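Here is the structure we will look at, set down as structure tokens.
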Amino acid sequence: MNPKFSVLIIEDETHILNFMRKILTSHDYKVLSANTGKAGLEIISSQCPDIILLDLGLPDIDGVDIIKKVREWSSCPIIVISARTSEREKVLALDLGADDYITKIFNPLELIARVKSQLRRYTQLGSAAPAASEHIYTTGGLTVNDDKKEVLVDGEAVRM
Ligand code: CA
């Protein structure tokens, strides 16, 4: 059996947190939770959840700042779940690196569908071969293409 995916919910409203926990647990996710931004960041760095569900209106740190902080060192998928409905807020969150945005109040099935979709995208990215460009080194006239096991000097292939 596959290990359970872990979902971190950062949400200060207990009834919404419990509601999401219930939905996710019933779909076999392992749920971690935090009701402040600070606690959320600690869990992200200590337990590396597979996906983060983030409320923007938190008591201590604005969710937008959490996205910024997390993106400094992690590409863990983040779905914003917020009562803020303005396009400006959505665009800002997505620009800063959130992967999706769900407006409260949401349908439980929509939540699960979006979580699945992000996890699918993320695990595919994680298991796929890294982009070819990451394996091409260029210095001066010399190019080493580790993917093709090829060395070029001034654009000409060299036999090794
Ligand atoms: Ca809130």
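Remember, it's a predicted structure, so these values are computed and weren't measured experimentally. Excluded from the calculations below are hydrogen atoms, water molecules and symmetry mates; all remaining heavy atoms, backbone and side chain alike, are included. In listed order, ligands and their atoms are each counted from 1.
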ask   = For the Ca ion (ligand 1), which N, O or S atom of D12 is at the shortest distance?
value = OD1

inquiry  = To make sure I understand the geometry: which N, O or S atom in D55 is closest to the Ca ion (ligand 1)?
reply    = OD2

query = Does E11 bring an N, O or S atom to within less than 3.0 Å of the Ca ion (ligand 1)?
reply = no

query = For E13, what is the atom name of its N, O or S atom nearest to the Ca ion (ligand 1)?
reply = OE2

task = State whether R114 and D100 are salt-bridged, where the test is any N-O pair (Lys NZ or Arg NE/NH1/NH2 against Asp/Glu carboxylate O) under 4.0 Å.
result = yes

message = Can you tell whether the side chains of D95 and R88 come within less than 4.0 Å, N to carboxylate O?
response = no

key: N/O/S from G57 sitting under 3.0 Å away from the Ca ion (ligand 1)   = yes

query = Which pairs with one or both residues in residues 16-26 pass side-chain hydrogen bond (donor to acceptor under 3.5 Å, both in side chains), sequence neighbours excluded?
reply = R21-S33

inquiry  = Consider salt bridge (charged side-chain N to carboxylate O under 4.0 Å, His left out). Of R84, K69, K68, which one does D62 pass it with?
reply    = R84

remark   = Besides I61, the hydrophobic cluster formed by Ile, Leu, Val, Met, Phe, Trp and Tyr side chains linked at under 4.5 Å, directly or via other members, contains L8, I10, L32, L41, I43, I44, I52, L54, L56, L58, V64, I66, I67, V70, W73, I78, V80, L92, L96, Y101

